[in-house]
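By convention here, the first residue in the shown sequence is residue 1.
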Amino acid sequence: MNITEPIRRRARTRPRDIAIIGPDGRAISYAGLEARINSAASEARAFGLRPGDLVRFDLPGVSQFIFALGLARLGVATAPSDLPQESRIGARITITNGPAEGPNELPFDPAWNEQAAPEMTHQPSSTTTLRVFSSSGTTGRPKYIPWTHALLSQLVHRMWLDQGATQGTLLIAIPLDGISGMAAALRCLYDGACLLITDLAHAAAAIREHQVGSLVASPFALRQLLDTLPQGAPPFPTMRAIEASGARIPPALAEQSHCRLGGTLRSHYGATEMGRVASAPTAELAQRSGAAGYLLPGVTLQTVDATDTPLPAGTPGIIRMRAELMVPGYLGATQADSATLRDGWFYPGDIGHLERDGMLILQGRASDLINVGGVKINPTDIEDALLTLRGVTDAAAFGVPDQLGLTQLWAAISATRVVPTEELNALFAQRLAGPTTPRHILQVPHMPRTANGKIRKDPLI
């Protein structure tokens, strides 16, 4: 199935319903959205693009997102603008947000979505790529992951089965060019609901004006939204459901979200290679240390040791998983990538275990464990403790080699105030005694982050 077909059906049955509201407040009906998708497909064909081609293209706004839907209808795949230009994974053209700098580049023109065009139809095969998504790149080398029309359609359907229909207008506060953002946007449009796209600085006013009932955000975006709210402001009366993914949600942030935004906050654990893997309301996650969510139907999860030998059920170890929605591989895969996708399994790099009731417990990432004098320390334990200090909004723990090359434990915090040394020492004595006591604490204005909002620790070292 072409991922744009459900939008076409909605345009025929409820043409006047509002499909998208952009940052400028401009509303687009389902009939208008369908016309724009056909127009974009027609313009792309006029460029000489044909089914099976690949276009390097980012999706930072409403017009670009609609143009990408037009390319999808034509059977043309899109990929991030930083996708390497090697011949086997290269793009036919690159669409830029600035002036063209080469013969195969085109500057984006919103008018491509506005021209009258006949209805277009293309039915992709089960192997036709829709979008090449990029991993977060916390290792410094992003991976490029192709998703087909069929896989993404199945992911959207599974999201619907897991949580039901979109509740009211959906405000999306994560990038549309990621797997989570695109899947959430499509789920909303398939439901016939209204998709609201705006910047976080104006999100609170938009929630009230458009009576938003659902919100999709990263934990970092949640914090940014909370920072825009006046002190003492009541929660939004129309808010019913908030979904967060992309990083772990600190308990204090979950509590603030519940009190100040309203609705039920649900956390999702997953990966670009598989979509969602586990999910649960944060109220349930708070009851168990390291809880990431209940394993979703169709996902198989094992823990193994360093030799890939499966461990007994419930035994902590290296996590590996597989599911029908798992992508078969990476574009331009290197030898290093075989450690992540191999033998039909995906290895996310996490350490943990699955409890009897299906709750996934994470104990950190294998690459993040800090070896201090032979003691393996989970940075999450230190970060959770630091986040209990008044005013601390972000925390990161990491290892730094000293002059002799021995790893020492460091931490960094961002806070709304200067945290006194005596408070830090009291916390260390109470919760972080012994080798888990950081030798140095950096107080920084803002934490460096990836495009998806995850903290990058390498610039702090």
Legend entry - Worked check of salt bridge (charged side-chain N to carboxylate O under 4.0 Å, His left out) between R45 and D53: CA-CA 11 Å; R45 189 167 60 181; D53 286 340; over 6 Å; no
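- Distance alone, capped at 3.5 Å, is enough to place a donor-acceptor pair between the T238 side chain and the V212 backbone.
- Within the 4.5 Å cutoff, side-chain heavy atoms of P80 are placed close to those of R131.
- Across A244 and I249, no two heavy atoms sit closer than the pair CB-CD1, 3.5 Å.
- In this structure, the side chain of T96 engages the main chain of G98 through a donor-acceptor pair within 3.5 Å.
- In this structure, T282 contributes its side chain and L285 its backbone to no donor-acceptor pair below 3.5 Å.
- Side chain of N378 to backbone of Q363: a donor-acceptor contact under 3.5 angstrom is found.
- The side-chain heavy atoms of D394 and E383, taken from C-beta on, include no pair separated by under 4.5 Å.
- Residue-environment remark: CZ (R288) exceeds the threshold of 12 foreign heavy atoms within 6.0 Å.
- Between T169 atom OG1 and L215 atom CG the span is 12.0 Å, to the nearest 0.5 Å.
- Listed for the E273 side chain is no donor-acceptor partner under 3.5 Å among the backbone atoms of F346.
- One N or O on the side chain of T393 and one on the backbone of S414 form a donor-acceptor pair closer than 3.5 Å.
- Looking at every heavy atom in both residues, L386 comes nearest to A395 through CB-CB, 3.9 Å.
- At a threshold of 4.0 Å, the pair D162-R187 does not count as salt-bridged, since none of the basic side-chain nitrogens sits closer than that to a carboxylate oxygen.
- Looking at N97 and Q64, their side chains do bring a donor and an acceptor atom within 3.5 Å of each other.
- Between the side chain of N2 and the backbone N or O of A72, at least one donor-acceptor pair lies under 3.5 Å.
- Taking the centre of each ring, F57 and F67 come in below the 6.0 Å mark.
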Inset, instruction - Test salt bridge (charged side-chain N to carboxylate O under 4.0 Å, His left out) on E243 and R276 and set out the steps. - result: CA-CA 12 Å; E243 301 175 48; R276 291 181 182 176; 2.6 Å; yes
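- Around CZ of R26, the count of heavy atoms belonging to other residues, nucleotides or ligands within 6.0 Å does not exceed 12.
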Inset, instruction - Apply the test side chain to side chain contact (heavy atoms under 4.5 Å, CB included) to residues V444 and I413: give CA-CA distance (whole Å), side-chain angles for both, the deciding distance (0.1 Å), then the verdict. - result: CA-CA 6 Å; V444 297; I413 58 173; over 6 Å; no
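- A salt bridge is absent between R320 and D350: the closest approach of a Lys/Arg side-chain nitrogen to an acidic carboxylate oxygen does not fall below 4.0 angstrom.
- Here CG of L189 is found 10.0 Å from CZ of R10. Values are rounded to the nearest 0.5 Å.
- Annotation for H258: atom NE2 does not count as buried by contact number, only 12 or fewer foreign heavy atoms lying within 6.0 Å.
- Note on ring orientation: taking the six-membered ring where Trp is involved, the planes of W112 and F108 are perpendicular (angle over 60°, cut-offs 30° and 60°).
- Put simply, the side chain of Y144 reaches to within 4.5 Å of the side chain of S134, judged on heavy atoms.
- Remark: T4 OG1 to L186 CG distance equals 9.5 Å, nearest 0.5 Å.
- Between I351 and I319 the shortest heavy-atom distance is C-CD1, 4.1 Å.
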Inset, instruction - Run the numbers on H149 and T128 for side chain to side chain donor-acceptor pair (under 3.5 Å), then give the verdict. - result: CA-CA 7 Å; H149 287 253; T128 300; over 6 Å; no
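- Closest heavy-atom contact between L33 and A19: CD2-CB, 3.9 Å.
- A salt bridge is defined here as a Lys NZ or Arg NE, NH1 or NH2 lying under 4.0 Å from an Asp or Glu carboxylate O, and R56 with D82 fails to meet this definition.
- No donor-acceptor pair closer than 3.5 Å links the side chain of R158 to the backbone N or O of L325.
- Ring pair W147/F133 is perpendicular by interplanar angle, where above 60° counts as perpendicular and below 30° as parallel.
- Contact of the V62 side chain with the I20 side chain is registered, since non-hydrogen atoms from C-beta on lie closer than 4.5 Å.
- How far OH of Y269 is from CE of M274: 9.0 Å, rounded to the nearest 0.5 Å.
- No hydrogens or angles considered: a donor-acceptor pair under 3.5 Å links the side chains of N38 and R73.
- Using modelled atom types, one side-chain atom of R36 and one backbone atom of G32 make a donor-acceptor pair closer than 3.5 Å.
- Annotation: Q211, atom CD; neighbour count of heavy atoms from other residues, nucleotides and ligands within 6.0 Å does not exceed 12.
- Using a cutoff of 4.0 Å between basic side-chain nitrogens and carboxylate oxygens, E34 and R14 are not scored as salt-bridged.
- With contacts defined as side-chain heavy-atom distances shorter than 4.5 Å, the pair M182/L152 qualifies.
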Inset, instruction - Would you sort out whether I179 and L155 count as a side chain to side chain contact (heavy atoms under 4.5 Å, CB included), showing the intermediate values? - result: CA-CA 10 Å; I179 182 67; L155 175 60; 3.9 Å; yes
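- The line from OG of S214 to CD of Q163 is 9.0 Å long, rounded to the nearest 0.5 Å.
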Inset, instruction - Check the pair F220 / I174 against side chain to side chain contact (heavy atoms under 4.5 Å, CB included), numbers first and verdict last. - result: CA-CA 10 Å; F220 181 57; I174 53 177; over 6 Å; no
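- Residue T198 comes nearest to A206 through the heavy atom pair CG2-CB, 4.1 Å, listed as atom of the first residue, atom of the second, then distance.
- Between M326 and L341 the shortest side-chain heavy-atom distance falls below 4.5 Å.
- The closest side-chain donor-acceptor pair between H268 and S279 falls under 3.5 angstrom.
- Remark: the R322 side chain and the T300 side chain contain no N/O donor-acceptor pair separated by less than 3.5 Å.
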Inset, instruction - Under the side chain to side chain contact (heavy atoms under 4.5 Å, CB included) rule, what do L54 and R92 come out as? Steps first, then yes or no, please. - result: CA-CA 6 Å; L54 180 69; R92 179 78 176 271; 6.0 Å; no
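- Judged purely by distance below 3.5 Å, without hydrogens or angles, the side chains of S81 and D58 pair a donor atom with an acceptor atom.
- Annotation: side chain of Y294 is in contact with side chain of D357 (closest heavy-atom distance under 4.5 Å).
- To the nearest 0.5 Å, the span separating CG on L74 from CG on L69 amounts to 13.0 Å.
- Proximity of T148 to L130: side-chain heavy atoms (C-beta onward) are nowhere separated by under 4.5 Å.
- Residues A201 and T228 share a closest heavy-atom pair of CA-CG2, 4.5 Å.
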Inset, instruction - Would you please test D191 and T166 for side chain to side chain donor-acceptor pair (under 3.5 Å) and show each step? - result: CA-CA 7 Å; D191 283 338; T166 305; 2.7 Å; yes
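- In this structure, E105 contributes its side chain and E101 its backbone to a donor-acceptor pair below 3.5 Å.
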